[in-house]
Amino acid sequence: MPIENLKERFHIRRKINAQVLHNIARLWHLGSQAREQQDLLDGLHPWGESHRLKFDNSLPFLFLVLAILTFFIGLMIQAYIAFFRSLLLCLFYIALYFATYEPKERLHEIIAFLEQRVTALKYQLHFKQLPQYLPFHSQSLLILSQLKQSFPLFNLGNASNQITEYASTIWQLEGQRHQILVFQYDYINEAPINNQKNDPFKFKQIEESRWGVFIFQVPALGIAVTNTRRSFEEPFTERWHSSDIYINQHLRIFGQFEQQLAHNMNPALSLKLSDFFNEHQGDLIYHTDKEILCFLGIKNLFEPQKQKLEIENISHLRGHLRTFRLAHYEKLKTDLLTLLQEEQ
């Protein structure tokens, strides 16, 4: 009778996991075919068939428990032949565990893929694509390198400074379309390791990241503003002091020439910059002669809000994708457009 029950359990488990794999395959197809976020949501309801998105791994864990029990029972018996048989049986249970276990990575991969699709469709983010404003005939690595060299912000690492992730999009402001490049900047610092032998060739690597945006087709005001650093490198060496004590205490504003700073730093812009940096931590630079603005901050613009509910079925997945949002990106976009609105 136990054998019949075990066979029935095998059959039920195989059917459940086959349905989950079928659902995953359908989700891959749906995600690749969707052209708008609503296409994805409509494809998830009604779903039909089984809604399950959780593998049944109760049987593999049973085999694992049996393997552990068999091993310790063999240790307690201590007889050589009995222990050897217990060890073989233990290995047999472990083999069954690996043969029947369905890893969660498949579910994690499809959820991550659908999240990326929603990110691209909802926010019109085109990953690994540069804005049309930039020369299309040049290589991406060359253009990114030129952008980094245009702003004294990308020198935080002494070993490596790379823009590793980027996506282009368009922001609308009062009827004008601004080309945008959202990016992740990774930098590595190498520091010598103190050791007893005083070996000068041993270093530890410290990897950190920052996130930001390049905004094109904005006035070239030649202004650099920060609430994270003490100063900027060339050409932003001229410090500007506001008549507002609060701004002087919380912001450091630099430019190329004193007269240019006095002309561009009007009271309206000063107030807008103060409001912006009350909400964000980082550095903002208007280029001196190119119509480009760059902001570099500490919040991950590609990071979605964390989900509170574990996704175990299609209904959970649809609810997650419907409420999916990049909160840091949305906040930065709103505040930067408010800042730019005063400069149109």
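Remark: the backbone N or O of Asp56 is paired with a side-chain donor or acceptor of Asn17 at under 3.5 angstrom. Looking only at distances, no side-chain donor or acceptor of Lys272 sits under 3.5 Å from a matching main-chain atom of Pro267. Within the 3.5 Å criterion, the main-chain N or O of Phe254 finds no donor-acceptor partner in the side chain of Arg239. In this structure, Asp39 contributes its side chain and Gln37 its backbone to no donor-acceptor pair below 3.5 Å. Remark: side-chain polar atoms of Ser145 are not paired, donor with acceptor, to backbone N or O of Leu141 under 3.5 angstrom. Panel note: side chain Asn248, backbone Ser242; a donor-acceptor pair is recorded below 3.5 Å.
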Apply the test side-chain contact (heavy atoms from CB on, under 4.5 Å) to residues Phe55 and Leu107: give CA-CA distance (whole Å), side-chain angles for both, the deciding distance (0.1 Å), then the verdict.
CA-CA 9 Å; Phe55 289 115; Leu107 293 170; 4.0 Å; yes
One pair to check against side-chain hydrogen bond (donor to acceptor under 3.5 Å, both in side chains): Asn300 and His328. What are the steps and the verdict?
CA-CA 7 Å; Asn300 186 349; His328 296 322; over 6 Å; no
So Asp244 and Ser270, side-chain hydrogen bond (donor to acceptor under 3.5 Å, both in side chains) or not? Walk me through it.
CA-CA 9 Å; Asp244 189 318; Ser270 299; over 6 Å; no
For salt bridge (Lys or Arg N to Asp or Glu O under 4.0 Å), just list the numbers for Glu310 and Lys54, CA-CA rounded to whole Å, side-chain angles, deciding distance to a tenth of an Å, and then say yes or no.
CA-CA 10 Å; Glu310 185 177 356; Lys54 182 179 181 180; 5.5 Å; no
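A cation-pi contact, defined as under 6.0 Å to the ring centre and within 45° of the axis, is absent between Arg252 and Trp240.
Taking all atoms of both residues into account, the shortest heavy-atom contact from His250 to Asn227 is O-CB, 3.5 Å. Glu238 and Phe257 make their closest contact through CG-C, 4.3 Å (heavy atoms, listed as atom of the first residue, atom of the second, distance). Taking every heavy atom of both residues into account, Ala34 and Leu40 meet most closely at CB-CG, 3.9 Å. Annotation for Leu21 and Arg106: closest pair CD2-NH1, 2.9 Å, computed over non-hydrogen atoms. Here the closest non-hydrogen pair linking Arg35 and Leu121 is O-CD2, 3.3 Å. Nearest approach of Cys294 to Leu153, heavy atoms of both residues: SG-CD1, 3.8 Å.
The CD1 atom of Ile314 lies 11.0 Å from the CZ atom of Arg318; values are rounded to the nearest 0.5 Å. The CH2 atom of Trp28 sits 6.0 Å away from atom CD of Glu109, with the distance rounded to the nearest 0.5 Å. Once rounded to the nearest 0.5 Å, the distance linking NE2 of His22 with OG of Ser50 reads 9.5 Å. Atoms CD1 and CG, on Ile163 and Leu181 in that order, are 7.0 Å from each other to the nearest 0.5 Å. Summarising the geometry, atom CG belonging to Asn23 is positioned 11.5 Å from atom CG belonging to Leu30; distances are rounded to the nearest 0.5 Å. The structure places CG of Leu27 at 6.0 Å from CG of Leu53, a figure rounded to the nearest 0.5 Å.
Looking at heavy atoms from C-beta onward, Asp283 lies in side-chain contact with Phe232 at the 4.5 angstrom threshold. Contact of the Glu258 side chain with the Leu261 side chain is not registered, since no non-hydrogen atoms from C-beta on lie closer than 4.5 Å. Between Gln19 and Ile16 the shortest side-chain heavy-atom distance does not fall below 4.5 Å. Here the side chains of Ile180 and Ile170 are not in contact, with every heavy-atom distance at 4.5 Å or above.
Salt-bridge check for Glu303 with Lys299: failed, with every basic side-chain N at 4.0 Å or more from each acidic carboxylate O. A salt bridge between Glu312 and Arg52 is absent, with no side-chain N of the basic residue lying under 4.0 Å from a carboxylate O of the acidic one. Under the 4.0 Å criterion applied to side-chain N and carboxylate O atoms, Glu36 and Lys122 are not assigned as salt-bridge partners. A salt bridge links Glu279 with Lys331: the distance from a Lys NZ or Arg NE/NH1/NH2 to an Asp or Glu carboxylate oxygen falls below 4.0 Å.
A distance of 6.0 Å or more separates the ring centres of His178 and Phe216. Aromatic ring centres of Tyr185 and Tyr187 lie closer together than 6.0 Å.
Screening Leu147, Val182, Leu144 for a side chain to side chain contact (heavy atoms under 4.5 Å, CB included) with Tyr166, the sole residue that qualifies is Leu144. Of the listed residues (Leu326, Leu125, Val213), just one forms a side chain to side chain contact (heavy atoms under 4.5 Å, CB included) with Leu301, and that residue is Val213.
Qualifying side-chain contact (heavy atoms from CB on, under 4.5 Å) partners for Gln184, counting only residues two or more places apart in sequence or in other chains: Thr164, Glu165, Asp186, Ser209, Trp211, Phe302. Here Pro60 pairs with Arg13, Asn57, Tyr97, Thr100, Tyr101 under the side-chain contact (heavy atoms from CB on, under 4.5 Å) rule; sequence neighbours left out.
Atom CD of Gln259 is surrounded by 12 or fewer heavy atoms from other residues, nucleotides or ligands within 6.0 Å. By the 6.0 Å contact criterion, CZ on Phe92 is open, its count of non-hydrogen atoms from other residues, nucleotides or ligands being 12 or less. By the neighbour-count criterion of 12 heavy atoms within 6.0 Å, atom NZ of Lys204 is sparsely surrounded, having that number or fewer from other residues, nucleotides or ligands. Enclosure of atom CZ in Arg229 by more than 12 non-hydrogen atoms of other residues, nucleotides or ligands within 6.0 angstrom is indicated.
Inspection of the Glu291 and Gln217 side chains reveals no N or O donor paired with an N or O acceptor under 3.5 Å. Side-chain contact of Tyr123 with Glu330: a donor-acceptor pair under 3.5 Å is present, judged by distance alone. Side-chain contact annotation: Ser150 with Lys290, donor-acceptor N/O pair under 3.5 Å present. Glu233 and Asn155 form a side-chain donor-acceptor contact under 3.5 Å, judged by distance and modelled atom types alone.
The aromatic rings of Tyr93 and Phe63 lie parallel to each other, with less than 30° between the two planes, well short of the 60° mark.
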